Each structure stands twice: as C-alpha cells, then as structure tokens.
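In what follows, a single structure is set out as structure tokens and then discussed.
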2 protein chains.
Amino acid sequence: MTLSDQTDSDLPAEATPTAIAGWVADVLRDRIVKGELAPGARLVERKISAELNLSRTPVREALKLLHNDGLIEISRNKGAMVTRYDAEGAMNLFEVIAGLESIAASRLARTIGEADLDELEELHDQMMVFHKIGNHADYFDTNSLIHDRIVALAGNPVISATHRRLIALARRGRYIAITDPARLTQSVDEHCRLMAALRARDEAAAAEVWRLHLLHTGESVAAVLGAEAAAAS
Amino acid sequence: MTLSDQTDSDLPAEATPTAIAGWVADVLRDRIVKGELAPGARLVERKISAELNLSRTPVREALKLLHNDGLIEISRNKGAMVTRYDAEGAMNLFEVIAGLESIAASRLARTIGEADLDELEELHDQMMVFHKIGNHADYFDTNSLIHDRIVALAGNPVISATHRRLIALARRGRYIAITDPARLTQSVDEHCRLMAALRARDEAAAAEVWRLHLLHTGESVAAVLGAEAAAAS
DNA sequence: GGCGGCAAGATGGCATCCCATATCGCAGCG
DNA sequence: CGCTGCGATATGGGATGCCATCTTGCCGCC
C-alpha cells in the first residue's frame with residue numbers, strides 16, 4: 001500500500017479517550033454517508049485496519065459504534081454490512097426525529113432567551129440569503145446547523161444525545177439532496193413560521209410546525225428513495 | 001475468589017455474536033438498576049474480568065455498551081462511573097420517552113388490528129387484577145409489558161430501538177417504586193383511557209393521554225428522586 | 001507547617017496471537 | 001449430471017501483554 005505512511009498524518013492528536021476508535025468511526029461514517037460505501041457493502045476488520053495502519057482493536061470498536069448508530073449490521077464470520085436505507089426506513093426515522101425536534105421546539109418557545117433567539121435569527125437570515133442566491137450547499141449546511149442549534153438550545157441532554165444518533169442515519173438521506181423547488185419553498189416557509197412561533201413564544205405552534213416540517217422532509221427523502229428503488233428494479 | 005469456578009456455569013451457551021459481552025452488560029446493568037452499584041461507583045475492567053473469570057476484552061465491550069446506554073461514564077485511567085440520576089435527569093428522560101410512546105400510541109390507534117387489540121386488552125385486564133389485589137410487583141411488570149408491547153406493535157423499528165435504549169435508563173427509576181396511592185390511581189386511570197382511545201381508534205386522544213401519562217410518571221419519579229436528594233443533604 | 005515535585009501504582013488503550021465457526025469450492029460418489 | 005461431504009480459507013471473538021498517561025501519596029525543600 002502506497003498510502004500507508006501518509007494516512008496517519010491527520011490523526012487527531014488523541015486527546016479524548018478512545019479517540020482513535022472514534023476517528024475510525026468518523027472516517028467510515030463519512031464514507032457511508034457519502035455513498036462511497038454503498039448499502040450492502042462489506043466492511044472487514046482486517047482490511048480496514050491494514051488500510052488505516054492500525055490494529056484490529058480500534059477498528060472493532062469503531063464498527064461497534066457504527067453498529068449502534070444503526071449504520072451497519074455485524075454478522076459473525078461475514079464482516080459488517082452497510083444497512084439498507086429505503087423509503088419506509090426514512091419515514092420511520094423522520095417520524096422519530098420529528099417527535100424529538102418538535103419537543104425541542106416546544107421547549108425552546110417556552111424558555112429561549114433573547115440572545116439565543118438572536119443567534120437563531122441570524123442563522124435563519126443567513127440561510128435565507130443562501131437560498132435566494134441559489135447556493136444549495138451552504139443552504140443545506142446552515143439548515144442543518146439550525147436544526148442542531150434548536151436541539152442544543154432546548155437544553156435536554158437526552159434529546160440531544162438521541163437526536164445526534166438518529167441524525168447520523170438521516171444525513172445519509174441528505175446527500176440525495178431534495179432539489180424539488182416546490183418542497184424547497186415549502187421548507188423555507190416552515191422555517192420562517194417556526195421563527196415566528198419562537199418570537200411569539202407560542203409553544204404549540206412551534207411544536208406543530210416543526211413536527212410537520214420534519215415529516216415533510218421525511219416524505220421528500222422517502223419519495224426520492226422510492227423513485228430510486230423503482231428505477232433500479 | 002471462591003466463586004471463580006462457578007460463575008461460568010450459567011454462561012448463556014453463546015449463540016449470537018458477542019454474546020458474552022452482552023451477557024456481561026446484562027449482569028452489570030442489573031446491578032446498576034437494582035442499586036447494588038450506586039451512582040458514582042467505579043467499575044474497573046480488571047476487577048470485573050477477574051470476578052467473572054473472563055478476559056478484559058468482553059468486559060470492555062460490555063462497558064462500551066453500558067456507556068452508550070448512558071448508564072456509565074468512562075474516563076481514561078479512572079475506570080467507569082455509574083452516572084448519577086437526579087430529578088432533572090428523570091424529567092428529561094421521561095420527556096423523550098413520552099414523545100416516543102406518544103407517537104407509538106398514535107400509530108397504534110390508527111393501525112392496530114383486532115388480534116393485537118385483544119392482546120393488549122388482556123394484558124390490561126391482568127394488570128387491573130394485580131392492581132386490585134395489591135400485587136405491586138406483578139402490577140409493575142405487567143405495566144412495563146404493556147408499554148413495551150405498545151411500542152413494539154407500533155411497528156416502527158426506530159421507535160423500538162430508541163425506546164429500548166432509554167427505558168434501560170428509566171428502569172433505574174422503577175426500583176424507587178411509586179407507592180403514592182393517588183398517583184397509582186391516576187396511572188391506572190390513564191391506562192384505561194388509553195385503551196378506550198385505542199378501541200375508538202382515536203389517534204389524537206391516544207397520543208395525548210399517553211404523553212401525559214408518561215410525563216406524570218416522570219414527575220413522580222423526579223419527585224421521589226428530589227426527596228431522596230433532599231434527605232441525603 | 002505547608003507546598004511543590006517526583007516516583008510508584010493503577011488503569012484504560014492498543015497490538016498481537018490463538019481459537020471457534022461459518023462459508024465456499026472441489027472432489028468423489030450415486 | 002447432480003448431490004453430499006469434507007477441507008481450506010476467511011472472519012470475528014477472546015485472551016494476553018505492553019505502553020502511555022493519570023492518580024496518589026510521600027518526601028524534601030522553603
């Protein structure tokens with residue numbers, strides 16, 4: 001392998017415990033999310049450890065991490081397999097994410113302070129700019145950032161942790177970007193309405209608009225996945 | 001150690017992959033849930049592996065499992081520590097569980113078939129009997145069973161998986177059993193109302209009563225934890 | 001007497017070896 | 001020609017040893 005001596009150059013200066021395993025998990029997660037590792041692809045401990053110039057131990061831990069993120073299935077003597085992600089799975093996933101973020105939005109409407117609200121407003125405005133100028137990449141990133149901030153600001157660690165886990169699965173759907181202009185407009189509108197509800201400190205409205213927003217997103221992702229499946233068959 | 005040669009007698013005839021690690025995790029989880037391992041207690045890999053006559057490898061994996069269940073914190077060079085569980089944590093936890101089970105109840109009201117409804121009815125009736133005769137242990141077990149069945153019957157694997165993870169944390173609160181008669185009555189009433197909503201196929205009612213049911217449970221657990229904390233100080 | 005530094009022990013992380021078992025191909029028999 | 005059984009190989013699981021680092025307590029210096 002020619003790249004053997006180079007790969008460890010961007011090791012993250014191991015600070016936290018099991019940093020290497022986490023790093024390996026990140027690398028593999030990236031490949032899965034970006035589609036380099038297609039659903040059904042096999043991940044063999046020995047192959048990965050050889051490629052990354054590590055022993056099998058951290059790789060093993062990384063695979064466990066990805067497993068309980070739901071990204072891979074591990075079967076004895078067959079290696080890990082990237083789990084399939086279909087329309088139904090997407091709907092199931094977004095149904096739960098909708099529940100979580102809805103709670104978060106509700107809490108936020110009740111408890112958010114001016115400073116945090118301003119921060120959200122700013123992110124929102126940024127996103128609107130990216131939307132207007134048609135910068136989809138930054139639009140999506142800012143969008144994700146807003147969702148993450150909403151969850152974080154809600155101040156319930158259980159929500160944050162659960163959300164982080166599920167969103168890793170959903171991000172996979174993010175790369176089959178929703179380019180349908182109608183949905184895009186609707187999504188932006190829902191974002192605006194959430195901001196309005198937060199400003200008005202209207203718990204119920206915030207929860208409901210955000211719940212629907214995520215269900216709609218789920219439907220869009222499911223639609224794309226369903227179309228893909230139909231085309232493949 | 002005198003028990004060294006005996007412990008492996010009830011090894012679970014390793015069928016599934018990493019069965020041993022799972023078994024170790026179960027053992028430790030039990031101890032934590034039952035309070036044998038108090039919050040703040042230290043779990044040292046070498047100690048556990050010696051006690052259970054195993055190598056450190058499966059123990060380590062077990063600790064990782066408990067960690068991402070949120071039951072323990074792992075710090076380098078200090079061993080794992082049982083996480084603390086306070087009133088605020090309980091509320092945060094039950095807030096999310098409420099969200100999940102509420103979705104499940106809603107789905108159930110929409111999609112449940114007669115056979116499944118009958119099964120739930122039977123469990124419910126059993127629970128009512130245990131309640132009437134004052135058999136608290138079986139009452140609680142049947143109660144838990146009902147909650148689990150509701151989640152399972154909803155048919156969303158993401159909900160099931162997430163719920164399983166969180167409920168492991170909440171079970172810890174179960175052992176500080178709610179003996180307040182008023183709350184017990186209220187809880188039973190809420191169970192009855194859920195059954196009524198399911199029979200009526202009333203999604204909204206099912207979701208709402210179940211959400212409140214779990215929030216109330218969370219409040220009760222939090223109250224007990226708060227009282228404990230106050231007494232301890 | 002208090003405080004800072006140093007040394008020994010404790011502890012988890014990583015590497016490596018061995019093992020049990022599932023998989024897959026091939027050969028030999030029917 | 002097809003099916004069965006065996007063996008080689010692949011692969012994950014477990015055990016063990018070494019290492020880096022954190023903790024802790026003690027000793028000496030101020």
Side-chain angles (χ1 to χ4, degrees), chain A residues 1 4-5 7-28 32 37 40-83, chain B residues 1 4-5 7-28 37 40-69 71-83:
Chain A
M1 295 296 157
S4 304
D5 298 328
T7 41
D8 45 5
S9 54
D10 22 27
L11 272 175
E14 41 197 307
T16 58
T18 63
I20 296 189
W23 175 74
V24 173
D26 288 343
V27 169
L28 296 176
I32 293 173
L37 288 169
R42 286 174 59 178
L43 300 168
V44 179
E45 290 181 4
R46 285 176 167 86
K47 298 267 183 66
I48 299 168
S49 57
E51 181 193 339
L52 300 180
N53 260 42
L54 294 164
S55 85
R56 282 174 53 208
T57 310
V59 175
R60 240 179 108 177
E61 290 179 7
L63 290 180
K64 306 262 183 203
L65 288 176
L66 294 179
H67 173 67
N68 72 40
D69 278 358
L71 282 170
I72 63 177
E73 285 299 322
I74 300 178
S75 18
R76 186 166 181 137
N77 306 321
K78 284 213 302 191
M81 258 188 39
V82 179
T83 56
Chain B
M1 295 296 153
S4 304
D5 299 327
T7 40
D8 46 5
S9 55
D10 22 25
L11 272 174
E14 40 196 308
T16 58
T18 66
I20 295 188
W23 175 73
V24 174
D26 288 343
V27 169
L28 296 176
L37 288 169
R42 287 174 61 176
L43 299 167
V44 178
E45 289 181 6
R46 284 175 168 86
K47 296 266 183 65
I48 299 168
S49 57
E51 181 193 340
L52 300 180
N53 259 42
L54 295 164
S55 82
R56 285 173 48 208
T57 311
V59 174
R60 218 178 134 176
E61 289 179 9
L63 290 180
K64 304 264 184 201
L65 287 176
L66 294 178
H67 173 66
N68 73 40
D69 278 357
L71 282 170
I72 62 177
E73 286 299 323
I74 300 178
S75 13
R76 187 166 182 137
N77 306 323
K78 283 214 301 189
M81 258 187 39
V82 179
T83 56

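What you see is a predicted model; the values in this text were computed from it and never measured. Side-chain atoms are counted along with the backbone in the values below, which use heavy atoms only and exclude waters and symmetry mates. A, B, ... follow the sequence lines: proteins, then strands. Residue 1 opens every chain.
Taking every heavy atom of both residues into account, B:I20 and B:P58 meet most closely at CG2-CB, 3.7 Å. Here the closest heavy-atom approach between residue A:A80 and residue A:I72 is recorded as CB-CD1, 3.8 Å. Among all heavy-atom pairs drawn from A:G40 and A:M81, the shortest one is O-CG, 3.6 Å.
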All N/O pairs under 3.5 Å across the protein-nucleotides 16-18 of chain D interface:
none

request  = Could you please spell out the steps behind the side chain to side chain contact (heavy atoms under 4.5 Å, CB included) verdict for B:V24 and B:L65?
outcome  = CA-CA 10 Å; B:V24 174; B:L65 287 176; over 6 Å; no
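In this structure, of C:dC14, C:dG12, D:dG12, it is C:dC14 that holds the atom nearest to the side chain of A:P58. In this structure, of D:dG14, D:dG12, D:dT21, it is D:dG12 that holds the atom nearest to the side chain of A:N77.
For B:R76, no side-chain nitrogen or oxygen approaches OP1 or OP2 of D:dA20 to under 4.0 Å.
For residues 40-50 of chain B, the pairs satisfying side-chain hydrogen bond (donor to acceptor under 3.5 Å, both in side chains) are B:E45-B:R56, with sequence neighbours left out.
When the C1' atom of D:dG12 is taken as reference, atom CD1 of A:I48 falls 12 Å away, rounded to whole Å. Distance B:W23 CH2 to D:dG13 P: 18 Å, rounded to the nearest Å. In this structure, B:I72 places its CD1 atom 10 Å from P of C:dG12, rounding to the nearest Å. Per the geometry, CD belonging to A:E45 stands 14 Å off C1' belonging to C:dC14, to the nearest Å. In this structure, B:I74 atom CD1 and C:dG12 atom C1' are separated by 9 Å, rounded to whole Å. Rounded to an integer number of Å, the gap from A:M81 CE to C:dT23 C1' is 15 Å. As a whole-Å value, the separation of B:E61 CD from D:dG14 C1' is 9 Å. One can place CZ of A:R42 at 10 Å from P of C:dT23, the figure rounded to the nearest angstrom.
Note that CG of A:L66 is 10.0 Å distant from CG of A:L37, once rounded to the nearest 0.5 Å. Atom CZ of A:R60 sits about 10.0 Å away from atom CZ of B:R60, to the nearest 0.5 Å.
If B:L63 and A:R60 are placed on DNA chain C by their nearest nucleotide, the residue sitting closer to the 5' end is B:L63.
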